[in-house]
Amino acid sequence: MDAAVAHAYAWPATLPDDELLTRLVALNAERVAEEQTGHVRWLRPSYQHPTGTQTAFATAAAPVATAAIPTERLDWPGALPEQARIVRQLLAAEAEPVTAAA
């Protein structure tokens, strides 16, 4: 898979994992910045965005609406959308990035 990614971006196929990840993170940051200005690189524009007009996106400075996070221990919901909502709320409440272990 690494070789396919390297080929897709015209990078050397022998990149070490840390360099590959560094380049992918930088590329992701570039795409985020583009999308915040309304520029989206559609993979299949005729299917994904058939009108061909750009849609304005909220900027990173726009606040994310979150509900109050419960302090008591609750049962883990069975529905995936509810699980995702809870994880998003918990991560949004953190002041710093959270590690996978945490």
Which heavy atom of Pro12 sits nearest a heavy atom of Ala6, and at what distance? O-CB, 3.6 Å

Do Leu80 and Leu90 belong to the same hydrophobic cluster, where Ile, Leu, Val, Met, Phe, Trp and Tyr are linked whenever their side-chain heavy atoms lie under 4.5 Å apart, directly or via other members? no

Under 3.5 Å, side-chain donor or acceptor atoms of residues 19-28 against the rest of the protein: list the pairs with distances, not counting sequence neighbours.
from  : atom 1 : to    : atom 2 : distance (Å)
Glu19 : OE2    : Arg23 : NE     : 2.8
Thr22 : OG1    : Asp18 : O      : 2.7

For Glu82, check salt bridge (charged side-chain N to carboxylate O under 4.0 Å, His left out) against everything at least two apart and list the hits. Arg85

Tell me if a side-chain donor or acceptor on Gln83 pairs with a main-chain N or O of Pro77 at a distance below 3.5 Å. yes

Using the side-chain contact (heavy atoms from CB on, under 4.5 Å) criterion, which residues pair with Thr99? Sequence neighbours excluded. Ala101, Ala102

Hey, could you give me the CZ/NE2 distance between Arg31 and His39, rounded to the nearest 0.5 Å? 7.5 Å

